[in-house]
Every structure is written in C-alpha cells, then in structure tokens.
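Note that the numbering runs from 1 along the sequence shown for the chain.
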Amino acid sequence: MASSPARIFAALNAERPPERATPVMGRAIVIGGSVAGLLAARVLAGHAESVVVIDRDDPRTAGARPGVPQGTQLHALLPGGFLLLERLFPGFREHALAQGAVEAPPAGRRSYLDGRLKVVVPDDADSLAGTRPFLEGLIRQQVLRLPNVETRTARATGLVFDGAVTAGVRYDDGGTSGVERGDLVVDAMGRSSRLSDWLERAGGERPATRRMRVDLNYATAMFRRRETDPRPTLVMALHSPAASSDVAGAAFFAVEDGRWMAMMAGYGDSRPGRTADDFVHRLRSQFPPEFGELAGNEMLGDVRTYHHADSRRREFHALRRLPARLVSVGDAVASFNPVYGQGITAAALHAACLSRYVRAKPDPDAPAREFFALQKVVVDAAWSTSTSADLALPHVDGPYPRGHRLRSWVSRQIVTATITDVAVARRFNRVVSLSAHPNSLVTPGVLLGALRANRRAR
C-alpha cells in the first residue's frame, strides 16, 4: 500500500480492471443493485467465476426505482466519476452520448458564488449530465452484458456464517425463502443497510456510526429544452452561509430527452421551490440571468421534493471482530450531503478499492481489513470535503474537529479565490470532484496563491 493518503487516493483514481484476470473465487454475491452494487459486480466479474446481484427491485425497472427515494432529484456525475466509469467500462462515454446523455465540457459549465461568475478552468475534465435513473441504467446495461453476472429479484434477509467466515445470503423472493452461498459477500444496501443488525444478531460487533445533521431540503423540476436555449449545459449558483438568502443554491443541467433538470435547495426550515409558482418565481428573482431564462420554458410535470436529514458514516474499518469474506460499499458505508454530488463518484472509488484489494489475492479466510483501510482513505477525503463546508452552516452545531477555526478561515480564502484565480480553481475543482486528495489543496503554496488572488480582487 502507498505510504500516504494522497498517494493511495491517486492510485485508486488510476485503477483499471485487469484485461485478463484469473478467477480467485467461485461465486461472489452483491446485495443491492444500485450504482455501488453494480460497480462492485463489475469489478468482481473479473475475479470470480460468477457474480449474482440480489436486489428487491426488478433490474428491468425503468425510471426512478422504489429503492432509490432520491432518484427523482438532480444528480451530477463529477468529472472524477466520469473518468473512473470510462476506466471500468471502456467506451462508456460514446455509449452514454449515443443513448442521449449530455456532455458538459469546461466551456459548457458556468458557476456562480454569491452572484459572482467564477473563472473557467479550460483544462478541467468533462462531466456528464443525465437523470439518476438514466445514469444508473447506463451502468446497469454495461454490467448485465458481462457473461458471468446475473441478477436475482429478492429481498436479502440475513447472512449465513460458517464460524468466522461469511458463507452466503438469506433471501426471500416474495414467496420462497432460500440461501445463496458464495465466496464473498458485498453489502451495497445503501443508507438503510441492515448489515450492522445482522452482525450484532450473529453475536458480533456493530460498527460505530458518525452523523452530522444537515437538514437539506431539495426541490427538483423538469423544463422543456429548446434549440434557442443558452449554450451552457450545466449552470450552478451557490450562496455562501454568510449570504443573506434562504436558498442555499440552485442548479440546472441539460439531460436526456430534450429536457432541463433544475434543482433548488435550502436548509432547516427553508424549503424553497416546493410549488411550481414558487420555483419559477425564485429562478427569476434570486439567481443569475440564465435561471430567469430557464423559467420561461415549459415546466414538465410536478416539482419533486426530498429531505436529507444527515451525513453519516459507519466505521467498519475500526471493528475488532469482523467476519471474513465480507465487505461493504457505497452509501452503506458513508453518505454525504448530496448537494456536493459526491455519491456516484465515491461509489466508483469504492469499486477501485475492491479491485485493488482482490487483485492482491488476499487470504480469503481473514477479515478484509486491507480493503477497509483503502476505503477509509476515500471516505475520509469525501467526508472532510463535505462536512467542512457543512460546519459553516448556521444551523449545524458540530462536532467540530481540532483546529476548526483555522481550517475554516483557510477554506474561505481558497473558496473565494476560486472566483477569480484559475490555478486555485483548478486545484479546488480536482479535490471537489474527488480526483485529488484534500491534502493537495491545503498547502502553503495554494494558500499563498489564494491570498494574492483575493488581494488583487479587492
């Protein structure tokens, strides 16, 4: 393993599945068929004779699935996640664009902070826009084409253990109960994962859970896209906590089927845009001109709302007693304030951790501590990026890490500099998109550059 978190992070971002892998296990079982589970299945398909994905939603289900309550809300495939998916599925970009995805190169993205237009970083990586069901469907198509991957529509009800080794998954398919036995089990059950309960029920430990309450309220609406609409395919406008606004921010993306997808967010008691009239009024009155132009388009359907109570992480890496042949990925381990768009990219990095772990041919009868150590680097990075911003919100009351006041001041200087300075914005964008470790941002050189940029701007 690399010696520093930054180097581990860089190696994970460069991870590629082997072109020809010799199977090191018979059957792998993935519980959960959302993005994290599908990407885990993709990785394991190169190392197992067969992979089965158990999910309560039929894999052929189109549109937002019941098991993904946030599926109707705006999602972003960050540039870092886009690059990772291209490595997992060579040709993913061309396939996605052929299916109707909309590419968002740097010149096609526009971002505002407190009403000030931020500089464009011309050499940033491209991002991809589409609805969550569409993006998930693209990934599912790629995974289910693999000859050794199959699905089972059923509800997982527990685990089977042979001593200290995980041996399989109990399931109920709505009329029949059974056991799927395998050589590795992956928990990808999302925020509502029941793995902690199953471990405790089997006489083991349940991982400690850390939470940070954010009380985010989302409202998302669709608009018809016209050929005369402005060129940017992705526009964001954020309000800093110091700004006097009850709206945290808004964004709109061009998505498949000739539509715009627009989002508005608020915290605590602020629930902006819950009705069509309020949504359109705020687009016109509280945001830059592009949002007012969007409001003139026809709204398609109703406004959809979603409440995200907290960010949370389960500390599997700290368990003293951990069954062998068992790992957990995606939101089942850590889920963050969705306003930062980290979810799909974090899931792809968890898949990179799994790839790196299995390629090392670990002892199958020992707990997967090497995997959880790799994953902790990813979780720590995403957690620090999102929660450091959340701690600046007036309604969030900690817990505050050591040195919070100094870190907060440094963060404000860097974020402010991203409005006018390309070099600082480039480094910041790579960290926010999970392409680089946060340690690469908080350096004397970056801080000095930020202070100079802010002095020039004043």
Side-chain angles (χ1 to χ4, degrees), residues 5-6 9 12-13 35-36 70 73-81 84 111 113 127 132 190-191 209-218 236 238-242 248-251 263 265-268 306-315 317 329-350 353 375-405 407-412 414-415 418 425 427-442:
F9 207 79
L12 292 172
N13 266 285
V35 172
Q70 75 278 24
Q73 303 303 308
L74 185 145
H75 280 69
L77 181 53
L78 300 175
L84 286 164
S111 182
L113 178 62
S127 60
R132 166 62 185 258
R191 279 171 64 91
T209 301
R210 293 168 58 186
R211 299 174 187 264
M212 177 175 288
R213 191 158 192 86
V214 294
D215 278 330
L216 174 71
N217 304 304
Y218 256 31
M236 300 180 64
L238 299 179
H239 294 154
S240 68
M263 174 277 290
Y267 289 102
Y306 175 70
H307 177 72
H308 180 88
D310 58 21
S311 298
R312 64 181 67 167
R313 59 184 293 181
R314 296 179 172 103
E315 309 278 4
H317 66 275
V329 297
D331 284 359
V333 177
S335 61
F336 317 97
N337 184 337
V339 79
Y340 308 116
Q342 295 174 315
I344 294 177
T345 303
L349 283 167
H350 290 196
C353 294
Q375 187 185 62
K376 181 179 181 296
V377 173
V378 174
V379 173
D380 284 347
W383 183 266
S384 67
T385 301
S386 64
T387 58
S388 63
D390 290 338
L391 285 170
L393 299 170
H395 70 285
V396 175
D397 57 0
Y400 297 98
R402 181 180 300 176
H404 168 70
R405 294 185 64 165
R407 292 183 186 184
S408 180
W409 179 83
V410 170
S411 178
R412 285 196 303 272
I414 291 173
V415 170
T418 64
R427 189 75 65 94
F428 178 83
N429 291 350
R430 282 182 52 78
V431 168
V432 169
S433 73
L434 299 182
S435 296
H437 194 272
N439 287 353
S440 67
L441 185 62
V442 188

Please walk me through it: do Arg211 and Asp310 pass salt bridge (Lys or Arg N to Asp or Glu O under 4.0 Å)?
CA-CA 6 Å; Arg211 299 174 187 264; Asp310 58 21; 3.1 Å; yes
Please lay out, stage by stage, how Val431 and His437 fare under the test side chain to side chain contact (heavy atoms under 4.5 Å, CB included).
CA-CA 6 Å; Val431 168; His437 194 272; over 6 Å; no
Contact check, side chains of [X] and [Y], non-hydrogen atoms, under 4.5 Å:
X: His350; Y: Val379; answer: yes
X: Gln375; Y: Val329; answer: yes
X: His308; Y: Tyr218; answer: no
X: Ile414; Y: Phe428; answer: yes
X: Leu391; Y: Met212; answer: yes
X: Arg312; Y: Arg210; answer: no
X: Ser127; Y: Leu77; answer: no

[atom1] of [X] to [atom2] of [Y]: how many Å apart, nearest 0.5 Å?
X: Leu12; Y: Leu84; atom1: CG; atom2: CG; result: 9.0 Å
X: Phe336; Y: Asp331; atom1: CZ; atom2: CG; result: 8.0 Å
X: Trp383; Y: Gln342; atom1: CH2; atom2: CD; result: 11.0 Å
X: Leu78; Y: Thr345; atom1: CG; atom2: OG1; result: 4.0 Å
X: His404; Y: Ser411; atom1: NE2; atom2: OG; result: 9.5 Å
X: Ser440; Y: Phe9; atom1: OG; atom2: CZ; result: 9.0 Å

Please report the closest heavy-atom contact between [X] and [Y], naming both atoms and the distance.
X: Ser388; Y: Thr385; result: OG-O, 3.2 Å
X: Val378; Y: Ala346; result: CG1-O, 4.5 Å
X: Gly330; Y: Ala36; result: CA-CB, 3.7 Å
X: Ala309; Y: His307; result: CA-NE2, 3.8 Å
X: Ala332; Y: Arg314; result: O-NH1, 2.8 Å

With Leu216 as reference, evaluate Asn337, Leu393, Asp390 under the side-chain contact (heavy atoms from CB on, under 4.5 Å) test and give the passing residue.
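Testing each of Asn337, Leu393, Asp390 against Leu216, the sole residue satisfying side-chain contact (heavy atoms from CB on, under 4.5 Å) is Asn337.
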Residue pairs fulfilling salt bridge (Lys or Arg N to Asp or Glu O under 4.0 Å) with at least one residue in residues 375-386, sequence neighbours excluded
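Non-adjacent pairs meeting salt bridge (Lys or Arg N to Asp or Glu O under 4.0 Å): Arg313-Asp380, Lys376-Asp380.
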Are Tyr267 and Val339 close enough, and set up right, to give a side chain to side chain contact (heavy atoms under 4.5 Å, CB included), and what steps lead you there?
CA-CA 11 Å; Tyr267 289 102; Val339 79; 3.7 Å; yes
Distance-only check: which donor-acceptor pairs under 3.5 Å involve side-chain atoms of residues 395-403, not counting sequence neighbours?
| from | atom 1 | to | atom 2 | distance (Å) |
| --- | --- | --- | --- | --- |
| His395 | NE2 | Val214 | O | 2.6 |
| Tyr400 | OH | Val396 | O | 3.2 |

Mark yes or no for whether Arg427, through its side chain, and Val442, through its backbone, hold a donor-acceptor pair below 3.5 Å.
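Looks like no, no N/O pair under 3.5 Å.
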I'd like to know whether His239 forms a side chain to side chain contact (heavy atoms under 4.5 Å, CB included) with Leu113, so could you lay out the CA-CA distance, the side-chain angles of the two residues, the decisive distance to 0.1 Å, and finally the verdict.
CA-CA 6 Å; His239 294 154; Leu113 178 62; over 6 Å; no
For Arg412 and Ser408, which I'm curious about, is there any donor-acceptor pair between the side chains at under 3.5 Å?
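Short answer, yes.
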